[in-house]
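Shown next, in structure tokens, is the structure this report addresses.
Below, read A as the first sequence line, B as the second, and so on, with proteins coming before strands; counting in each chain starts at 1.
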2 protein chains.
Amino acid sequence: MARPRQALLTKERIVEAAAVLIDAEGLEACSMRRLATELGVQGPSLYNHFATKAEIVDAVAEAVVAQVDISVFHGNDWRTALRLWAKSYHAVLAAHPNIVPVLATGPGRRPAGLAMAEAVYGALIDAGWSRARATHIGALMRYLITGSALGSFALGFDADPELYDHYPHLHRAHELAAHRAAVDEGAFELGLDLLITSLSDRYDLGVRR
Amino acid sequence: MARPRQALLTKERIVEAAAVLIDAEGLEACSMRRLATELGVQGPSLYNHFATKAEIVDAVAEAVVAQVDISVFHGNDWRTALRLWAKSYHAVLAAHPNIVPVLATGPGRRPAGLAMAEAVYGALIDAGWSRARATHIGALMRYLITGSALGSFALGFDADPELYDHYPHLHRAHELAAHRAAVDEGAFELGLDLLITSLSDRYDLGVRR
DNA sequence: TGTAAAAACTTACGCCGCTAGTTTAAGCAC
DNA sequence: GTGCTTAAACTAGCGGCGTAAGTTTTTACA
């Protein structure tokens, strides 16, 4: 081909196609050649717009994190804000499960991630939590949210009943697969409830560090 | 070579070498050819002992999970047992961080994982928790433990101060990198404390489902 | 003793991320 | 308008990946 009169690719088109591909077929399906094919182009052409594959995947992750609602930190009590933010984050990850491993492991140099950290940490500091505790609470929320998004607990159990024959308490574990969404949702809700109410208790007692 | 008089490989030797390699250089370094080299053998020879690479990695994961102490569920109150087990699990993952992604995502058909689930779930049921709640609590603990092991919170922040210039509350975030271990440990301890004490409160009030 | 299975080997296939070099169009300086 | 630089596509190819196929030799057993 050579250079076309109208550019075939833009960063935006590439990231959008990558996001669609990852959502539809998973991270492994998103190879440079496959992604290029999806865009009607040859593999190496992508390197005119991104230096590495990691940059593309990072951009997808950034776009996902940017969907989390951090406006809730304005005009809400820290407890309410934390709960609403966590639910929004959780919902976004549930809508894009295939990108979660990238979010859970990679460093957070991306603007959307930093903006989120700023909002959470700032709200906790403003509420009176010590710097150390605010950090811990932020980390903790991240553990709960990414942990639940990543390792769907119910998915870890096979639907084959025979697997559990030798485990007296697990004889109904095969049913978990069928109730996957409800189990994971219940566990997340419980965790959020427990964490926020007990933090709230400490806060009201004046224990803020 | 052909078949040697004394077998060069055994399942145990392969898994042991894979574990060492993963611990030392990470999951990506553990390719079939590299692992074989480490064992003084050609790549495809490994397929005489394992059908796929995934089976080898799974066996490593299994060996790691088997190190978690589940004996604490005998002779301890459910709260104490849960806390001790979580700390043991956390310590094991901290000692083998590179295998954590496998544990956090893969299904739990492995015997050690099932035995652990059986112990946790059984203890909660025996304590009087409803089946649904016991499931939720187990899932929740998993979220906290794998979430914290996987995404070291502090590691997500770069040591470069300039990154945080535009985030008023994050101006000291670059210090997190230096205190990584302490921050992650503090957050995990806080989470464990909050979850167990608030579960304990509910339990004592008779709310067990 | 003959035969089947086991455990090493070599070769090779089709992926992967990415590099290098080529071609043509676009944008800008004079 | 003409030339020069840069941009954006291309093709070819490198080294690495997981794994399949087929070969050779040894061991174990009938």
### Query
Nearest to the side chain of B:V41 - C:dC18, D:dG18, C:dA8?
C:dA8

### Message
For D:dA9, does the base pair up with any side-chain atom of A:N48 as donor and acceptor (N or O, under 3.5 Å, distance only)?
### Response
yes

### Query
How many Å lie between CG on A:L39 and P on D:dA8, as a whole number?
15 Å

### Query
If you take atom types as modelled and just measure distance, does the side chain of B:R33 reach the base of D:dG16 with a donor-acceptor pair under 3.5 Å?
no

### Task
Measure the distance from CG on B:L27 to C1' on D:dG18 and round it to the nearest whole Å.
15 Å

#### Entry: Nucleotide nearest A:Q42 (side chain, heavy atoms from C-beta), chosen from C:dC18, D:dT19, D:dC10
D:dC10

### Query
Do other residues, nucleotides or ligands put more than 12 heavy atoms under 6.0 Å from A:R209 CZ?
no

### Task
Taking atom NZ of B:K53 as the centre, report whether more than 12 heavy atoms of other residues, nucleotides or ligands fall under 6.0 Å from it.
yes

### Message
I'd like to know whether CZ of B:R131 has more than 12 heavy-atom contacts from other residues, nucleotides or ligands below 6.0 angstrom.
### Response
no

### Task
Answer yes or no: does a side-chain N or O of A:H49 lie under 4.0 Å from OP1 or OP2 of D:dA9?
yes

### Query
Starting at NZ of B:K11 and ending at P of C:dA6, how long is that distance when rounded to a whole Å?
12 Å

### Query
For the pair made of CD in A:E28 and P in D:dC17, what is the distance, rounded to whole Å?
19 Å

### Task
Could you tell me whether the phosphate oxygens of D:dC10, OP1 or OP2, come under 4.0 Å of any side-chain nitrogen or oxygen in A:S45?
yes

### Query
With respect to the side chain of B:M32, which nucleotide from D:dT19, D:dA12, C:dC9 is positioned closest?
D:dT19

### Task
Whole angstrom is fine here: how far is it from OH in B:Y47 over to C1' in D:dT23?
19 Å

### Message
If you assign B:L9 and A:R34 each to the DNA chain C nucleotide with the nearest heavy atom, which residue ends up on the more 5' nucleotide?
### Response
B:L9

#### Entry: Between C:dA7 (P) and B:F50 (CZ): distance, integer Å
12 Å

### Message
Testing the basics here: between B:T146 and B:A104, what is the closest heavy-atom pair and its distance to 0.1 Å?
### Response
CB-CB, 4.2 Å

### Message
Quick check: on DNA chain C, is the nucleotide nearest A:A29 upstream (toward 5') of the one nearest A:P44, or the reverse? Name the residue that is more 5'.
### Response
A:A29

### Task
Compare side-chain N and O positions of A:S31 against OP1 and OP2 of C:dC16 and report whether any pair is under 4.0 Å apart.
yes

### Query
Expressed in angstrom and rounded to an integer, what is the separation of A:L35 atom CG from C:dC18 atom C1'?
15 Å

### Message
What is the distance, to the nearest angstrom, from the CG atom on B:L46 to the P atom on D:dG18?
### Response
10 Å

### Message
Between A:L140 and B:F188, is there a side-chain heavy-atom distance shorter than 4.5 Å?
### Response
no

